[in-house]
> 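Could you have a look at this structure, given as structure tokens, before my questions?
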Amino acid sequence: MRRALTGIKPSGTIHLGNWLGALGPAVALQQEFETFYFVADLHALTSMTDRDRLVALSREVAASFLALGLDPERSVLFRQSAVPEVCELAWILGCAMPAGQMERMHAVKAAKEGGLEVNVGTWYYPVLMSADILLYDSAVVPVGQDQRQHVELARDLAEKLNHRYGEGSLVVPEVLVRETVGTVPGLDGRKMSKSYGNQIDLWQPAARLKKQVMRIVTDSKGVDEPKDPDTCPVFLLYRAVASPAEVAALARRYTAGGMGYGEAKLALFEVLERQLETPRQRFEEWMAHPARLDEVLADGARRARIAAQTTIERVRARAGLR
Ligand code: ADP
Ligand code: TRP
């Protein structure tokens, strides 16, 4: 079975965009691949200084994977920082990365745009991500469009090291960009993102979820007027979660007129609740038992480390680090 690997950065509360765009599709890959999924806590450190928040958000990411159906027997779920070999490989890869390329990387641009400090960690971010990928001999790396460039860097670095130290030093990975869901809109119609403060949190109680859904911004068309489904964030969210028959039915009601946005929002809430009720219970169950969660992560780290040590030994020997 080919190995698929991806990481989620614990830098904010999980929202619908993370679920539909990243976690959900990642969990679905379990059937087809040997899956390695990790909480990218070292990456979060480039912008996170609050220790307790980092611990809490890391647990939240792990519990989210499990609540959405990740099977810890079949998949390897771990914290990035539990496998220190990744830092060693990152150093070796960094010595093959031209410094002039750093400024152009997405991580640096995103930090600048977000008004965040650009520290040396931000610069090293894409190299560490390459190490994540190459340390586990990953064949495919599912990511969102914004991360494509980083996976391409991992490919380049693998090829460079294979050239430098001999073929077979590192596996050259393939990028798998998820295009099906597209961009999930937030409360204000822009891309849902924690940096815009327009997110709908995934794991809040039903009553709060309903309140947030009712706050989605729509235009001022009255109940009787026909409405355009394709530009309405309520409809776009509905389309991402409802069945094809439900989507077609709601689209007809939009164009016919006679339905207010309040009613559409309620329909959206009901579908969300139908899909999230059981995962939410599982999420709460995991969060209420941190020791159990830590056990799953420790077992994942143990298995990940076996794979990591094989790779790092091979690279060390070839690089002359003996
Ligand atoms: P945020 O934009 O809130 O900071 P992240 O960049 O941490 O979210 O996203 C983690 C993952 O979730 C990314 O791989 C990305 O593909 C996915 N994702 C985030 N927001 C959305 C969205 N609005 N639509 C689709 N996928 C998203
Ligand atoms: N940088 C990725 C993001 O922000 C998270 C990540 C870290 C990752 N290491 C990875 C994704 C390795 C795929 C493979 O979304």
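All ligand and atom numbering here is 1-based and tracks the order in the structure. All figures in this text were calculated on a predicted structure; none of them were measured in a lab.
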> Which atoms of ligand 1 are found less than 4.0 Å from any heavy atom of G144?
16 (O)
> Provide the number and element of each atom of ligand 1 under 4.0 Å from a heavy atom of G21.
25 (C), 26 (N)
> Any idea which atoms of ligand 1 are less than 4.0 Å away from a heavy-atom of N18?
8 (O), 9 (O), 10 (C), 11 (C), 12 (O), 18 (N), 19 (C)
> Heavy-atom contacts with K191 under 4.0 Å: which atoms of ligand 1 show up? List them by number with element.
2 (O), 20 (N), 23 (N)
> Using side chain to side chain donor-acceptor pair (under 3.5 Å), reason through K194 and T13 one step at a time and then give a plain yes or no.
CA-CA 8 Å; K194 60 182 165 288; T13 303; over 6 Å; no
> In terms of residue, atom name and distance, what is the protein heavy atom nearest to atom 7 (C) of ligand 2?
H43 ND1, 3.3 Å
> Give me the atom names and distance for the closest heavy-atom approach of N119 to E117.
ND2-OE1, 3.0 Å
> Taking atom types as modelled, is there a side-chain donor on S75 or Q30 under 3.5 Å from an acceptor on the other?
yes
> Let me confirm one number: the CG-CD1 distance from L321 to I92, rounded to the nearest 0.5 Å.
5.0 Å
> Tell me which part of V143 gets within contact of ligand 2: side chain, backbone, both or neither, using heavy atoms under 4.0 Å.
side chain
> Do E246 and S243 get their side chains close enough for a donor-acceptor pair, meaning under 3.5 Å?
yes
> Quick check on contacts: which atoms of ligand 1 are under 4.0 angstrom from a heavy atom of A22?
11 (C), 12 (O), 17 (C)
> If the cut-off is 4.0 Å to any non-hydrogen atom of M192, which atoms of ligand 1 fall inside it?
20 (N), 21 (C), 22 (C), 23 (N)
> Side chain, backbone, both or neither: which applies to I133 and ligand 2 if a contact is any heavy-atom pair less than 4.0 Å apart?
side chain
> Considering only heavy atoms from C-beta outward, does the side chain of L5 approach that of F33 to under 4.5 Å?
no
> I need the nearest protein heavy-atom contact for atom 9 (N) of ligand 2: residue, atom name and distance, please.
D132 OD2, 2.8 Å
> Using ring-ring contact (aromatic ring centres under 6.0 Å, His included), reason through F78 and Y136 one step at a time and then give a plain yes or no.
CA-CA 13 Å; F78 59 104; Y136 303 103; 5.4 Å; yes
> Should the pair R3 and F36 be classed as cation-pi, given the thresholds of under 6.0 Å to the six-membered ring centre and 45° from the axis?
yes
> Indicate, as side chain, backbone, both or neither, the part of Q147 found under 4.0 angstrom from ligand 2 when only non-hydrogen atoms are considered.
side chain
> Do you know the tightest heavy-atom contact between L23 and S64?
CD1-CB, 4.2 Å
> Relative to ligand 2, is V151 under 4.0 angstrom through side chain, backbone, both or neither, heavy atoms considered?
neither
> Using distance alone, determine whether K9 and ligand 2 share an N or O pair under 3.5 Å.
no
> Out of all atoms in ligand 2, which are within 4.0 Å of some heavy atom of F38? Include the element for each.
9 (N), 10 (C), 12 (C)
> If you measure every N or O of T6 against every N or O of ligand 2, does any of those distances drop under 3.5 Å?
no
> I'd like to check whether S195 has a polar contact with ligand 1, where a contact means an N/O of the residue lying under 3.5 Å from an N/O of the ligand.
no
> I need the nearest protein heavy-atom contact for atom 4 (O) of ligand 2: residue, atom name and distance, please.
Y125 OH, 3.0 Å
> Apply the salt bridge (Lys or Arg N to Asp or Glu O under 4.0 Å) test between E273 and each candidate in R208, K210, R280; give the one that qualifies.
R280
> Return yes or no for this condition: an N or O of K194 is under 3.5 Å from an N or O of ligand 1.
yes
> Which bit of Q145 is near ligand 1, meaning a heavy atom under 4.0 Å away: side chain, backbone, both or neither?
neither
> Relative to the ring of H150, is the ring of H106 parallel (under 30°), tilted (30 to 60°) or perpendicular (over 60°)?
perpendicular
> Kindly identify the option in V184, L20, N198 whose heavy atom sits closest to atom 24 (N) of ligand 1.
V184
> How long is the gap from OG on S130 to CG on L93, to the nearest 0.5 Å?
6.0 Å
> Please examine the side chains of V234 and T218, heavy atoms only from C-beta on, and report whether any two atoms are closer than 4.5 Å.
yes
> Give yes or no for whether the N/O distance cutoff of 3.5 Å, strictly under, is met between H15 and ligand 1.
yes
> Determine whether the side chains of Y261 and D219 contain a donor N or O and an acceptor N or O closer than 3.5 Å.
yes
> Mark up the atoms of ligand 2 that fall under 4.0 Å of a heavy atom belonging to V141, in ascending order.
13 (C), 14 (C)
> Among G7, A26, A154, S130, whose heavy atom sits nearest atom 5 (C) of ligand 2?
G7
> As an exercise, identify every atom of ligand 1 less than 4.0 angstrom from a heavy atom of T183.
24 (N)
